[in-house]
Amino acid sequence: MPLELFHKTPAHFSFRATVYSHGWCELPPFGLDEVNWRLKYVFRDAAGKKAVFGIISEKKGGVLIELANSKIAPQHILRDTRHLLRLDDDLRGLYEAVDGHDALKWVTEKRAGRLLRSPTVWEDLVKTICTTNCSWALTKNMVGNLVEKLGAPAGKGEKAFPTPTAMASVSSDFYREEIRAGYRSPYFAELAEAVASGKLDPEGWLHSDLPTPELKTKMKRVKGVGDYAAENLLKLVGRYDGLALDSWLRSQFYKKHNAEKTCSDKKIEKHYKKFGEWRGLVIWCDMTEKWIS
DNA sequence: GCGTCCAGGTCTACC
DNA sequence: GGTAGACCTGGACGC
């Protein structure tokens, strides 16, 4: 039976700014209908055995979640929705940090700053590795293959993101030949085995007591995760004191703040130092202003 | 059609 | 700790 759920949203929330916050809305099992402004996602239960296709849209005072069936408990769907739209995040510190900076006034006005994420750190971790050292088209290709070939079916051709167990059930060769993951293939096989066996718990990064540098070091122990990937993941678990500089972010900075000339990372870091623990989120908002405003 | 470059980097060996 | 070279894929580009 189809099911509709409703979740309230906080005052400083923008559905559009959150969905457009970065490219995650284009990576399966997310999908974006820009005409009707509806975000699709295939939810799954913790065991990865049940999957349900859902559509999230704005409704006065909150978001509406339309589900193809009621296979998964409503409280599980609501928890996932709250997590992926960052409904519990308190961004007052960000808005205080940009206060007084005219060029960033729009961040507060547009209620920007909530970075769309997946319901699990596991999914964000795998997707982040898929963004490294390749074009965005290839990232979409790899993530699409993972969902298509290893995800639990939700009906009508829709599939969920694969569980660690599902990803641990295939070999490194599968990642190379079927997922087209190239040199990342042994990394995925090793990572999936570690998470499926309980040796690694990425979900624990969400509420870790470790200081950010130590958590970053822990993240970098995962093969395929370097400085950029770790800092991107830190943003997705709510820590914004790393800039997560990659070639795209650097090129945008050169265009916007350095007369289209290249410069050192140190200069970029100096530019955003004044925003303190929010600097990683400030640079991201600054470089993606055109997407949202 | 073919070759080259490079994109939302990381790892390893070596110094 | 810093750096060079290797690593995969596939789209864009020049010829």
Side-chain angles (χ1 to χ4, degrees), chain A residues 19-28 30 32 112 115-118 123-149 167 170-194 200 202 213-237 239-240 242-258 260 262-266 268-269 271-272 279-292:
Chain A
V19 170
Y20 261 168
S21 57
H22 62 142
W24 253 220
C25 64
E26 295 179 22
L27 296 181
F30 279 114
L32 180 61
L115 301 179
L116 184 70
R117 63 184 171 187
S118 309
E123 185 176 328
D124 283 336
L125 169 58
V126 173
K127 284 177 173 174
T128 297
I129 294 174
C130 289
T131 67
T132 58
N133 195 27
C134 64
S135 62
W136 183 242
L138 185 54
T139 297
K140 288 202 278 188
N141 195 26
M142 283 187 276
V143 175
N145 286 338
L146 283 171
V147 170
E148 178 57 34
K149 295 173 192 287
M167 282 187 61
V170 295
S171 67
S172 176
D173 288 346
F174 181 90
Y175 289 108
R176 195 176 295 276
E177 290 156 21
E178 301 291 328
I179 307 299
R180 311 303 294 166
Y183 69 91
R184 302 167 197 80
S185 300
Y187 303 165
F188 284 143
E190 186 179 319
L191 172 63
E193 196 282 324
L200 179 69
E214 287 176 37
L215 183 56
K216 181 178 170 183
T217 301
K218 200 170 180 179
M219 289 173 166
K220 285 176 69 175
R221 288 194 195 119
V222 175
K223 280 194 183 164
V225 175
D227 279 328
Y228 150 75
E231 289 183 7
N232 187 56
L233 283 164
L234 284 167
K235 287 180 183 179
L236 295 176
V237 298
R239 302 198 194 206
Y240 305 108
L243 297 186
L245 293 175
D246 56 26
S247 56
W248 182 83
L249 212 50
R250 289 186 184 95
S251 71
Q252 295 303 308
F253 181 88
Y254 304 151
K255 281 181 202 166
K256 191 164 184 178
H257 296 298
N258 209 45
E260 305 210 9
T262 59
C263 65
S264 66
D265 288 355
K266 282 190 177 173
I268 303 176
E269 282 160 14
H271 184 92
Y272 292 99
R279 58 190 181 273
L281 197 48
V282 173
I283 185 177
W284 185 256
C285 289
D286 195 18
M287 296 300 105
T288 59
E289 179 181 358
K290 285 180 185 168
W291 297 0
I292 295 165

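Just so it is clear, the values below take in all heavy atoms, side chains as well, and ignore hydrogens, waters and symmetry mates. Proteins get letters first, then strands, A, B, ... in listed order; numbering begins at 1 in each. This one's a predicted model, so the numbers in the text were calculated from it and none came from an experiment.
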Could you tell me whether the side chain of [Y] reaches within less than 4.5 Å of the side chain of [X], counting heavy atoms only?
X	Y	value
A/Leu125	A/Val225	yes
A/Thr132	A/Cys130	no
A/Thr131	A/Tyr228	yes
A/Tyr272	A/Phe253	yes
A/Met287	A/His257	yes

Is there any salt bridge (charged side-chain N to carboxylate O under 4.0 Å, His left out) pair reaching into [range], and which pairs are they, with sequence neighbours excluded?
range	answer
residues 126-147 of chain A	A/Glu26-A/Lys140, A/Glu123-A/Lys127
residues 174-188 of chain A	A/Lys149-A/Glu178
residues 129-138 of chain A	none
residues 219-235 of chain A	A/Glu190-A/Lys223, A/Lys216-A/Asp227, A/Lys216-A/Glu231, A/Lys220-A/Asp227

Give a yes or no answer on whether the side chain of A/Thr128 reaches the backbone of A/Ala229 with a donor-acceptor pair at less than 3.5 Å.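 No; zero donor-acceptor contacts below 3.5 Å.
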Exercise for review: Using atom types as modelled and distance alone, determine if a side-chain donor or acceptor of A/Asp124 lies under 3.5 Å from a backbone N or O of A/Arg117.
Suggested key: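 The answer is no, because no donor-acceptor pair under 3.5 Å joins these two groups.
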Subject >> Polar contact flag, side-chain donor to acceptor under 3.5 angstrom, A/Tyr187-A/Ser172 >> reply: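 Note: A/Tyr187 and A/Ser172 side chains miss the donor-acceptor criterion.
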Under a 3.5 Å cutoff, is there a donor and acceptor pairing between the side chains of A/Asn258 and A/His271?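 Looking only at side-chain atoms, A/His271 and A/Asn258 do not form any donor-acceptor pair under 3.5 Å.
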### Name of the residue among A/Thr288, A/Ile268, A/Ile283, A/Asn232 meeting side chain to side chain contact (heavy atoms under 4.5 Å, CB included) with A/Leu249
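When A/Thr288, A/Ile268, A/Ile283, A/Asn232 are each tested with A/Leu249, the side chain to side chain contact (heavy atoms under 4.5 Å, CB included) holds only for A/Ile283.
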Dot-bracket assigned to DNA chain B with the 3.5 Å Watson-Crick/G-U criterion, [ ] for crossing and | for other-strand pairs, is |||||||.|||||||
Could you work out the separation of [N] and [M] based on their [atom1] atoms and round it to a whole Å?
N	M	atom1	value
B/dG8	C/dC13	P	13 Å
C/dC8	B/dA13	P	15 Å
C/dC7	B/dA7	C1'	14 Å

- Return the minimal non-hydrogen interatomic distance between A/Ser118 and A/Trp24, and the atom names on each side.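 So the minimum-distance heavy-atom pair works out to OG-NE1, 3.7 Å.
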TODO: Please list, chain by chain and in numerical order, all residues satisfying salt bridge (Lys or Arg N to Asp or Glu O under 4.0 Å) with A/Arg250, sequence neighbours excluded.
DONE: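 Here the qualifying residues are A/Asp265.
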(message) Just to verify, what does A/Glu289 make a salt bridge (Lys or Arg N to Asp or Glu O under 4.0 Å) with, not counting sequence neighbours?
(response)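 Here the qualifying residues are A/Lys256.
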query: By a strict heavy-atom criterion of less than 4.0 Å, which residues belonging to residues 126-147 of chain A are in contact with DNA chain C?
result: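 Hits under 4.0 Å, by residue number: A/Asn133, A/Leu138, A/Asn141.
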Handout entry: DNA chain C contacts among residues 217-225 of chain A, heavy-atom distance under 4.0 Å
Key =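 Of all residues in residues 217-225 of chain A, none places a heavy atom under 4.0 Å from DNA chain C.
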For A/Asn232, report the nucleic acid contact type (base, sugar-phosphate, nothing); a contact means any heavy atom under 4.0 Å.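 Here A/Asn232 touches no strand at all.
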Practice problem: Would you mind classifying the nucleic acid contact of A/Ala229 as base, sugar-phosphate or nothing, using non-hydrogen atoms under 4.0 angstrom? | Solution: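 A/Ala229: backbone/sugar contact only, no base atoms under 4.0 Å.
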All N/O pairs under 3.5 Å across the protein-nucleotides 4-6 of chain C interface:
none

Residues from residues 170-181 of chain A lying under 4.0 Å of DNA chain B - heavy atoms =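 Nothing qualifies; none.
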(Q) Please report whether the ring centroid of A/Trp284 lies less than 6.0 Å from that of A/Trp248. (A)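 Between A/Trp284 and A/Trp248, which both carry aromatic rings, the centre distance is below 6.0 Å.
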message = At a heavy-atom distance below 4.0 Å, which nucleotide of DNA chain B is the first touched by chain A, and which is the last?
response =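 The contact span of chain A on DNA chain B goes from B/dA7 to B/dT12.
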